[in-house]
Amino acid sequence: MTGQRDGIASYLVAADTDTTADLPTPASVLAIGAHPDDVEFGCGATLAKWTQYGARVHIGILTDGRRGSWSSGQDQLALAVARQNESRDAAHILRADPPSFFQQIDGELRATPELIMRLVALLRSLHPDVVITHDPWKRYRLHPDHRIAGEVTIDAIVQARDASFWPELTGAPTRPSALLLFEADSEDHSETITKDHLRSKAEALACHQSQYVSSYGLASDASDADQKLLARLCDVARDPANNTYRERFKRITDL
């Protein structure tokens, strides 16, 4: 996430009525975020659950996060490097593979053929059962990177399944069984999670110390960031009907 353009509150959304719940633990998952920490916000607890039960999880980060600061004096390239390191630490907390960094300029993400081709190559190398990304159709979304991240990921899913696209790439065509969209305009699927999974999500988010002030509303040196984040995440994820916790998505299986 970059700054407060969408902010932490944009992930704290009310739930629609779920029509499906709890996919079988997938063997392989690919989660794509526009910025460092977007995946953690959008599906971090679900990823923690799935890795606990043996899933292989890979995270792709499309932009370098260089604009994730309100300080006009911030060295943007230094921030980009710091955010890569934070993302590696967060992936380790979630027991995911080291992330793939696509190094597009923060705030300037574009749906180019070259970027889609790189995503197709990643899909064909991983053969994920489930892909997770931003909902590109969320109404009134302001941040263009979030819209375009969902768009290019979905474009890549369509092209990765068809051998006539990018035949020069190694790896066989692939098709996931499910696409989950986080921060979705219309949610119809939930994943049941525990407080321990939410704790892993909070700890992963707390790895992104460069975002404490700009995105999380915390002091830059907050020593209890994970606990403060956990309290917020529990409030949002709690299902009052049965006192469980859930992360919610739009689920698409016609892929």
Side-chain angles (χ1 to χ4, degrees), residues 15-34 38-62 91 94-97 99-100 102 111 115-138 146 149-167 169-194 197 200-201 237 244-255:
D16 295 339
T17 301
D18 300 330
T19 57
T20 64
D22 297 327
L23 295 173
T25 300
S28 178
V29 181
L30 174 61
I32 299 290
D38 282 344
V39 164
E40 290 88 318
F41 266 119
C43 57
T46 296
L47 298 183
K49 176 178 78 167
W50 284 343
T51 57
Q52 178 185 359
Y53 293 111
R56 180 185 179 188
V57 168
H58 194 87
I59 295 169
I61 301 168
L62 297 185
L94 297 176
R95 294 189 255 184
D97 293 345
S100 292
F102 287 76
L115 177 58
I116 295 169
M117 180 270 290
R118 292 173 63 192
L119 284 165
V120 169
L122 186 60
L123 284 160
R124 288 181 179 172
S125 69
L126 296 174
H127 295 279
D129 301 301
V130 177
V131 176
I132 312 179
T133 192
H134 303 262
D135 180 357
W137 301 293
K138 184 179 177 69
H146 287 192
E151 177 186 335
V152 295
T153 302
I154 292 167
D155 288 354
I157 288 171
V158 172
Q159 295 184 22
R161 71 192 187 189
D162 187 338
S164 66
F165 284 98
W166 312 108
L169 294 175
T170 59
T174 189
R175 185 192 299 252
S177 60
L179 169 65
L180 299 182
L181 303 176
F182 54 72
E183 199 190 1
D185 192 72
S186 176
E187 297 165 334
D188 59 8
H189 177 80
S190 67
E191 288 291 328
T192 307
I193 51 176
T194 67
H197 300 140
S200 294
K201 176 174 180 168
T244 59
Y245 298 103
R246 298 179 182 276
E247 282 187 323
R248 295 176 172 88
F249 306 91
K250 175 65 181 180
R251 179 188 183 205
I252 299 173
T253 55
D254 186 11
L255 300 170

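Along the sequence shown, residues are numbered consecutively beginning with 1.
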Original post:
How would you list all residue pairs meeting salt bridge (charged side-chain N to carboxylate O under 4.0 Å, His left out) that involve residues 51-61, not counting sequence neighbours?
Top reply: Arg56-Asp97
**OP:** Could I get the full list of side chain to side chain contact (heavy atoms under 4.5 Å, CB included) partners for Pro128, not counting sequence neighbours?
**Re:** Ser28, Leu30, Leu123, Leu126, Val131
**OP:** With rounding to the nearest 0.5 Å, note down the distance linking CD in Glu183 to SG in Cys43.
**Re:** 11.5 Å
**OP:** State the CG-CZ distance between Asp188 and Arg251, to the nearest 0.5 angstrom.
**Re:** 8.5 Å
Original post:
Going from CG on Asp135 to CG on Leu179, what distance comes out if it is rounded to the nearest 0.5 angstrom?
Top reply: 9.0 Å
Original post:
Taking atom CD of Gln52 and atom OG1 of Thr194, what is their separation to the nearest 0.5 Å?
Top reply: 6.5 Å
**OP:** Report yes or no: do His197 and Ser200 form a side-chain donor-acceptor pair below 3.5 Å?
**Re:** no
Subject >> Ser177: partners by side-chain hydrogen bond (donor to acceptor under 3.5 Å, both in side chains), with sequence neighbours left out >> reply: none
Subject >> Partner set under side-chain hydrogen bond (donor to acceptor under 3.5 Å, both in side chains) for Thr170, not counting sequence neighbours >> reply: none
**OP:** Please round to the nearest 0.5 Å and tell me the distance separating atom OG1 of Thr133 and atom NE2 of His146.
**Re:** 10.0 Å
Original post:
So which pairs with a foot in residues 20-34 pass salt bridge (charged side-chain N to carboxylate O under 4.0 Å, His left out), sequence neighbours left out?
Top reply: Asp22-Lys49
Original post:
Is the side chain of Arg124 donor-acceptor paired with the backbone N or O of Ala160 at a distance under 3.5 Å, no angle test?
Top reply: yes
**OP:** Only counting residues at least two apart or in another chain, list the ones meeting side chain to side chain contact (heavy atoms under 4.5 Å, CB included) with Pro136.
**Re:** Glu151, Ile154, Leu181
Original post:
Nearest 0.5 Å, what's the CG-CG distance between Leu119 and Asp155?
Top reply: 9.5 Å
